[in-house]
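Have a look at the structure below before the remarks.
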Amino acid sequence: MKHCIIIGGGIIGLCSAYYLQKEGHKVTIVDQSNLDAGASYVNAGYLSPSHLIPLSAPGVMKQGLKWMFNSSSPLYIKPRLDLDFLKWAWAFNKSCNTNHVQKSAPVIRDISVLSQELYDDIKSSENFTYHYDKKGLLMLCQTEKMLEEEVKMAELAQNHGLAAREVNGEEIKQLEPNVEINAIGATYYQGDSHITPNEFMNDMKAHLKSARVQFYTNEKVEDLEFQNRKIISIQTNKQILRADEFVLAAGSWSSFLSKKLGLQLLLQAGKGYRINTEKPTGITIPAIMAESKAAVTPMNGFTRFAGTMEIAGINHNINKVRVEAIANATTRYYPDIVLTKEEKDNAACGLRPVSPDGLPYIGKSEKCNNLTIATGHAMMGWSMATATGRLVSEIISEQKPSLGLNPFHPDRKF
Ligand SMILES: Cc1cc2nc3c(=O)[nH]c(=O)nc-3n(C[C@H](O)[C@H](O)[C@H](O)COP(=O)(O)OP(=O)(O)OC[C@H]3O[C@@H](n4cnc5c(N)ncnc54)[C@H](O)[C@@H]3O)c2cc1C
């Protein structure tokens with residue numbers, strides 16, 4: 001039995017704690033927040049093995065540059081004279097190629113499929129009540145060009161063994177009879193599922209507390225004592241804590257702490273927004289409005305609209321133009337749904353930890369023997385969380401990992 005301290009109690013930190021305590025380790029979670037907001041609470045809740053293509057795909061950098069001056073674009077990369085950002089942007093650009101996509105797709109599939117199986121296990125073995133639905137995911141298209149692209153993506157998914165098919169306007173109506181949808185066609189990934197995020201987070205926190213996991217909330221890890229490639233202790237704004245093993249699951253903030261070990265973790269925060277409506281919408285199947293790159297999720301008691309990837313440093317400022325863009329996209333695809341001013345004013349945001357190659361960092365760096373890194377999941381943190389937690393536990397418990405760890409190595413070169 002080891003004492004493990006997890007820095008960060010987002011979805012990745014909680015899932016790591018879950019598998020570590022199951023293995024019999026003593027677990028402590030330290031989080032600078034109250035554990036009720038941020039990426040792990042505002043996300044679209046998709047468990048989507050269908051999202052096989054990493055963010056760093058051919059054409060994305062070019063598109064990002066084109067959109068740089070468009071205040072309502074779904075992807076925004078703010079140019080900054082900041083060395084960490086410039087190194088990240090260089091590595092991101094290098095990863096935007098076909099070879100990288102081909103190599104990454106099976107890796108993304110395997111970790112997402114394993115995660116989905118583990119969510120099933122948790123739902124069936126624990127006394128959790130969170131909303132979890134298996135309705136698939138529609139990629140709604142309004143133009144022939146987008147539909148053509150999405151059909152190619154669906155073929156790629158099929159080639160990787162995932163269930164995917166094209167559906168026409170009539171079939172969309174049959175799938176979603178209670179809501180008007182303005183789309184010429186779609187692709188449908190039947191294997192995807194979705195969860196209401198705050199319900200899962202609340203169930204997991206309650207479960208971990210009852211399993212004697214210690215939580216220190218509103219407590220920021222500010223420094224580390226580090227000797228002979230080992231962390232001796234961490235210093236928070238309130239106390240010094242010692243343990244045998246540490247897990248860095250601090251999301252978009254992770255690189256501030258990794259730098260203290262001499263480890264440069266290339267990571268940028270990718271801000272996204274969500275708008276909720278409690279009005280009945282008639283939507284039963286999650287969908288991505290493909291041209292607008294915004295997501296729609298029927299959750300427990302409300303519908304969520306989410307989107308944008310704003311790479312502009314760490315801040316939680318709400319950009320009303322981008323919130324408006326998500327609301328406008330909603331009405332373009334679902335003409336009967338008009339989000340109110342109040343709903344838009346209540347929009348919230350979260351920061352996705354974005355690695356340059358669209359793959360997470362999971363594993364130990366050569367720089368430190370008792371730190372397991374688990375971050376950088378970008379748009380897929382929810383989809384990959386349970387498998388990440390299990391891998392973290394397997395690494396610390398010195399067991400054979402369920403998946404090959406090389407693609408996730410924190411010391412990998414880009
Ligand atoms: C709008 C939006 C929609 C999304 N939709 C989806 C989706 O449908 N499917 C999907 O798979 N993914 C989705 N994602 C991505 C997913 O939400 C993230 O990848 C995931 O939540 C990241 O989890 P995390 O635990 O790594 O980071 P976080 O949730 O950010 O948690 C990190 C924690 O570390 C704490 N912390 C940081 N620094 C310190 C410190 N020094 N000391 C103590 N604590 C610290 C923070 O307070 C925070 O609680 C979406 C994200 C957004 C924003």
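Just so you know, ligand 1 is whichever comes first in the structure, and atom 1 is the first atom listed for that ligand. Please read all numbers here as calculations on a predicted model, not as lab measurements.
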Sub-4.0 Å atoms of ligand 1 with respect to non-hydrogen atoms of S33: 47 (O), 49 (O)

Those atoms of ligand 1 less than 4.0 Å from some heavy atom in W382: 9 (N), 10 (C), 11 (O), 12 (N), 16 (C)

Expected output: side-chain N370 to main-chain I231 donor-acceptor under 3.5 Å: yes

Polar contact flag for Q32 and ligand 1 (N/O pairs, less than 3.5 Å): yes

Nearest candidate to atom 10 (C) of ligand 1, where distance is taken over non-hydrogen atoms, out of R274, M379, M384, R352: M379

Protein contact of atom 42 (N) of ligand 1 - nearest heavy atom, named by residue and atom, plus distance: V221 N, 2.9 Å

Close approach, G45 and ligand 1, non-hydrogen under 4.0 angstrom: yes

Side-chain H-bond candidate by donor/acceptor type, D84 with Q268, under 3.5 Å: no

Set of residues satisfying side chain to side chain contact (heavy atoms under 4.5 Å, CB included) with respect to A249, sequence neighbours excluded: I6, I12, V247

Contact atoms of ligand 1, heavy-atom distance to G8 under 4.0 Å: 33 (C), 34 (O), 35 (C)

Exercise: do E219 and T236 side chains pair donor with acceptor under 3.5 Å: yes

Atom indices of ligand 1, in the order listed, that fall short of 4.0 Å to a heavy atom of M380: 10 (C), 11 (O), 12 (N)

Per-atom contacts, ligand 1 versus G10 - under 4.0 Å to a heavy atom: 25 (O), 29 (O), 31 (O), 33 (C)

Sub-4.0 Å heavy-atom contact, S252 with ligand 1: no

Cation-pi geometry met for K209 and F215 (6.0 Å, 45°): yes

Any N/O pair A378/ligand 1 closer than 3.5 Å: yes

S292 side chain to A294 backbone, donor-acceptor under 3.5 Å: no

Short N or O distance, A39 and ligand 1, threshold 3.5 Å exclusive: yes

Side-chain H-bond candidate by donor/acceptor type, Y188 with E171, under 3.5 Å: no

Min N/O separation Y273 to ligand 1 under 3.5 Å: no

Residue V30 vicinity, atoms of ligand 1 by number, heavy atom under 4.0 Å: 43 (C), 44 (N)

Top protein contact for atom 7 (C) of ligand 1, by heavy-atom distance: Y46 N, 3.6 Å

Nearest-contact summary for atom 22 (C) of ligand 1 - protein heavy atom, Å: P353 CD, 3.9 Å

Mode of P197 contact toward ligand 1 - side chain, backbone, both, neither (heavy atoms, under 4.0 Å): neither

Polar contact flag for L257 and ligand 1 (N/O pairs, less than 3.5 Å): no

Residue and atom name of the nearest protein heavy atom (relative to atom 27 (O) of ligand 1), distance in Å to one decimal: G251 CA, 3.6 Å

Taking atom 50 (C) of ligand 1 as the reference point, the nearest protein heavy atom with its distance: N43 CB, 3.3 Å

Closest protein heavy atom to atom 35 (C) of ligand 1, given as residue, atom name and distance to 0.1 Å: D31 OD2, 3.2 Å

Under 3.5 Å: N/O of W253 near N/O of ligand 1: no

Salt-bridge contact K134-D120 (side-chain N to carboxylate O under 4.0 Å): yes

Residues R390, E394: salt bridge by 4.0 Å N-O rule: yes

Part of T297 with heavy atoms under 4.0 Å of ligand 1, whether side chain, backbone, both or neither: neither

Charged N-O contact under 4.0 Å between K135 and E176: no

Numbering as shown, the atoms of ligand 1 that approach K220 to under 4.0 Å (heavy-atom distance): 41 (N), 42 (N)

Taking atom 25 (O) of ligand 1 as the reference point, the nearest protein heavy atom with its distance: I12 N, 3.2 Å

Protein heavy-atom partner closest to atom 21 (O) of ligand 1 - residue, atom, separation in Å: S40 OG, 3.0 Å

K279 bridged to E343 by N-O distance under 4.0 Å: yes

SB check K364 E245 (cutoff 4.0 Å): yes

Counterpart residues, ring-ring contact (aromatic ring centres under 6.0 Å, His included), relative to F200 (two or more places apart): Y119, Y130, W382

R322 NZ/CZ over Y273 ring centroid, <6.0 Å and within 45° of normal: no

Residue pair S112 / H51, side-chain donor-acceptor N/O under 3.5 Å: no

Donor on one side chain, acceptor on other, S56 and D357, under 3.5 Å: no

For E219, atoms of ligand 1 separated by under 4.0 Å from a heavy atom: 43 (C)

Ligand 1 N/O within reach of G381 N/O, cut-off under 3.5 Å: yes

